J.: 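Here it is, the structure in full.
Only this structure's heavy atoms are used, side chains among them; waters, hydrogens and symmetry mates stay out. Bear in mind the structure is a predicted one, so any value in this text is a computation, not a measurement.
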Amino acid sequence: MELNQIMFFLLSGLILLFSVLTITSRRILRAAVYLLTVLVATSGLYFLLKFEFMAAVQLTLYAGGIVVLIIFSILLTSHISHKFEKPELVNVIVGSVTGLVGCATAIWSIMAFPFSPTTQPALDVNMKQIGMHLMNTGHLGYALPFEVISVLLLASMISAIIIAKKGN
Amino acid sequence: MIQGIPIQYFLIVSTIMFFIGVCGFIIRRNLITILMSVELILNSVNINFLVFNRYLYPHQLQGNFFALIIVAIAAAEASVAIALFINMYRKFNNIDVENISEMKY
């Protein structure tokens, strides 16, 4: 077994184990820490795929930003020692059946589909390429989505401040 | 193309992660846990985009930019959702879904 295969199985094992723990843990702060592990392992998968920029974005934005935000909101809204009651049996059965059936269908169709990669030479993904694409308005340019995302972030920031502020 | 790992392995991992997120969305009742399930779902979609980019269309960067935009949208969604949760906690003193049947003032 080669080294990158060992790495892949290690990372995907971590991802699957800690995703299950995230949704089954009855202490919410632990669930947040398990989610952090899942996100860090995912960035490891991105490094394996040689998308270094996306891996760095994943580490800083998801693992650094969103998880800290979630942990802050947990600390603001619940007690650390608080333990959830067990979820209702009906919910567990419905959720598991949905998950298993959907999973089986999706995996079956993945295995049946013939994936055909292009024969064109691979592009070397570096920061300069990404920046040129992101600011380009011509063919394969992403200037418009970039601007739309910046407006969306501004709008969500303003709305978050207005919603969470005390008194109106 | 990564040596020795077919594309299906990555897709199976992200599929299982997606449906774990869906399952958590249905089972859990705390709103923050539901938000965490949504983050799991978004994350698995990101893996899919990057894997398709690397394995099927390595001469373009479209999957990379889609994943970048999804991460930004996830950040925006999490910030608004958490502002809502804090406001609900102030009003109802807990954030379980069944206790919050109305959201208007």
Side-chain angles (χ1 to χ4, degrees), chain A residues 2 4-5 8 12 15-16 19-20 22-23 28 31 35 38-39 42 45-46 48-49 51 54 57 61-62 65-66 69-70 73-74 76-77 84 87 91-92 94-96 98-99 102-103 106-107 110-111 115 117-118 120-123 125 133 140 142 145 149 152-153 156-157 159-160 163-164, chain B residues 1-5 7-13 15-24 26-30 32-33 35-37 39-40 43 46-47 50-51 54-61 64-65 67-69 71-80 82-87 89 95:
Chain A
E2 292 172 43
N4 55 3
Q5 276 177 319
F8 172 78
S12 35
I15 286 178
L16 296 183
S19 327
V20 172
T22 304
I23 65 158
I28 188 163
L35 180 71
V38 172
L39 298 175
T42 311
L45 273 191
Y46 295 169
L48 202 63
L49 285 167
F51 283 114
M54 266 318 291
V57 166
L61 256 178
Y62 255 120
I66 294 180
L69 210 62
I70 288 176
S73 68
I74 290 169
L76 282 172
T77 54
F84 292 128
N91 282 0
V92 175
V94 169
S96 318
T98 314
C103 214
I107 288 177
I110 285 170
M111 295 317 262
F115 292 101
T118 56
Q120 299 197 28
L123 192 69
V125 187
H133 275 94
L140 290 182
Y142 292 87
I149 280 296
L152 174 78
L153 280 176
S156 73
M157 206 161 66
S159 67
I163 290 169
Chain B
M1 179 92 198
I2 313 298
Q3 278 300 318
I5 308 171
I7 181 171
Q8 281 90 355
Y9 286 15
F10 279 102
L11 295 184
I12 287 172
V13 169
T15 305
I16 297 174
M17 193 173 163
F18 181 91
F19 281 103
I20 289 172
V22 171
C23 193
I26 295 172
I27 289 177
R28 303 311 295 262
R29 284 182 300 177
N30 186 288
I32 291 177
T33 331
L35 182 70
M36 286 198 256
S37 309
E39 299 293 340
L40 277 182
N43 210 42
N46 261 353
I47 296 179
L50 289 178
V51 167
R54 173 58 73 203
Y55 276 78
L56 302 186
Y57 303 99
H59 61 291
Q60 291 173 350
L61 273 178
N64 200 341
F65 287 116
L68 200 61
I69 287 166
V71 170
I73 289 177
E77 168 246 328
S79 68
V80 175
I82 285 170
L84 279 172
F85 297 164
I86 289 173
N87 214 358
Y89 183 73
I95 46 170

J.: Side chains of B:Thr33 and A:Ile23: does their closest heavy-atom pair fall under 4.5 Å?
T.: no
J.: Of the listed residues (B:Ala76, B:Gly24, B:Ser37, B:Ala75), which shares the most heavy-atom pairs with chain A below a 4.5 Å separation?
T.: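 Looking at each of B:Ala76, B:Gly24, B:Ser37, B:Ala75 in turn, B:Ala76 comes out on top.
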J.: Mind checking the NE2-CD spacing from A:His133 to B:Gln60? Nearest 0.5 Å is all I need.
T.: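 With rounding to 0.5 Å, NE2 (A:His133) is 8.0 Å from CD (B:Gln60).
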J.: For B:Glu77, is it the side chain, the backbone, both, or neither that has a heavy atom closer than 4.5 Å to a heavy atom of chain A?
T.: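 No part of B:Glu77 comes within 4.5 Å of chain A.
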J.: Tell me the closest heavy-atom pair linking A:Thr98 and B:Phe19, and the distance in Å.
T.: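 That would be O-CD2, 4.4 Å.
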J.: Of all heavy-atom pairs between A:Leu49 and B:Tyr55, which one has the smallest distance, and what is that distance?
T.: CD2-CE1, 3.9 Å
J.: Closest approach of A:Ser73 and B:Ile82, non-hydrogen atoms and distance?
T.: CB-CG2, 3.4 Å
J.: Between A:Ser156 and B:Ser79, which heavy-atom pair has the shortest distance, and what is it?
T.: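 In this case the closest contact between A:Ser156 and B:Ser79 is OG-OG, 4.0 Å.
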J.: Roughly how far apart are A:Met54 CE and B:Phe65 CZ, rounded to 0.5 Å?
T.: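 Rounded to the nearest 0.5 Å, the CE-CZ separation comes to 10.5 Å.
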J.: Please classify the contact between B:Tyr57 and chain A as side chain, backbone, both or neither, with a heavy-atom cut-off of under 4.5 Å.
T.: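 Looking at B:Tyr57, backbone and side chain both touch chain A.
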J.: With respect to chain A, which residue among B:Asn64, B:Ile32, B:Leu35, B:Asn43 yields the maximal number of heavy-atom pairs within a distance under 4.5 Å?
T.: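 When all of B:Asn64, B:Ile32, B:Leu35, B:Asn43 are compared, B:Asn43 has the most.
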J.: Nearest 0.5 Å please: distance from the OG1 atom of B:Thr15 over to the CD1 atom of A:Ile110.
T.: 3.5 Å
J.: Hey, which of A:Thr42, A:Leu61, A:Leu153 has the most heavy atom pairs under 4.5 Å with chain B?
T.: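 Ranked by heavy-atom pairs under 4.5 Å with chain B, first place is A:Thr42.
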J.: Looking only at heavy atoms and a cut-off of under 4.5 Å, which of A:Ser159, A:Pro145, A:Gly95 has the most pairs with chain B?
T.: A:Gly95
J.: I need the B:Phe85 CZ to A:Ile70 CD1 distance, nearest 0.5 Å.
T.: 9.0 Å
J.: Is the side chain of B:Asn87 donor-acceptor paired with the backbone N or O of A:Ala164 at a distance under 3.5 Å, no angle test?
T.: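 A pair under 3.5 Å: no.
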J.: Would you say B:Glu39 and A:Val38 make side-chain contact, with heavy atoms under 4.5 Å?
T.: no
J.: Is A:Ser19 close to chain B through its backbone or its side chain, or both, or neither, when contacts mean heavy atoms under 4.5 Å?
T.: both
J.: Please classify the contact of B:Phe18 with chain A as side chain, backbone, both or neither, using a heavy-atom distance under 4.5 Å.
T.: neither
J.: If you tally heavy-atom pairs under 4.5 Å against chain A, which of B:Leu50, B:Ile27, B:Ile26, B:Val51 wins?
T.: B:Leu50
J.: Within the 4.5 Å heavy-atom criterion, are B:Ile16 and A:Cys103 side-chain neighbours or not?
T.: yes
J.: Test side-chain contact (heavy atoms from CB on, under 4.5 Å) on B:Met36 and A:Ile28 and set out the steps.
T.: CA-CA 10 Å; B:Met36 286 198 256; A:Ile28 188 163; 4.1 Å; yes
J.: Quick one: what part of A:Leu35 sits under 4.5 Å from any heavy atom of chain B, side chain, backbone, both or neither?
T.: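 Interface part for A:Leu35: side chain.
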J.: Can you tell me how far CG of A:Leu45 sits from CZ of B:Phe10, rounded to the nearest 0.5 angstrom?
T.: 5.5 Å
J.: Do you know which two heavy atoms are closest between A:Leu16 and B:Met17, and how far apart they sit?
T.: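 That closest heavy-atom pairing would be CD2-N, 4.3 Å.
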J.: Find out whether B:Asn46 and A:Tyr62 are in side-chain contact, i.e. whether some heavy atom of one side chain is under 4.5 Å from a heavy atom of the other.
T.: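 B:Asn46 reaches A:Tyr62 side chain to side chain.
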J.: Considering only heavy atoms from C-beta outward, does the side chain of A:Phe115 approach that of B:Leu11 to under 4.5 Å?
T.: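 A side-chain contact under 4.5 Å exists here.
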J.: Between B:Val71, B:Asn30, B:Val13, B:Ile20, which residue shows the highest count of heavy-atom pairs closer than 4.5 Å to chain A?
T.: B:Ile20
J.: Hey, are the side chains of A:Tyr46 and B:Ile47 touching, using non-hydrogen atoms and a 4.5 Å cut-off?
T.: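 In contact.
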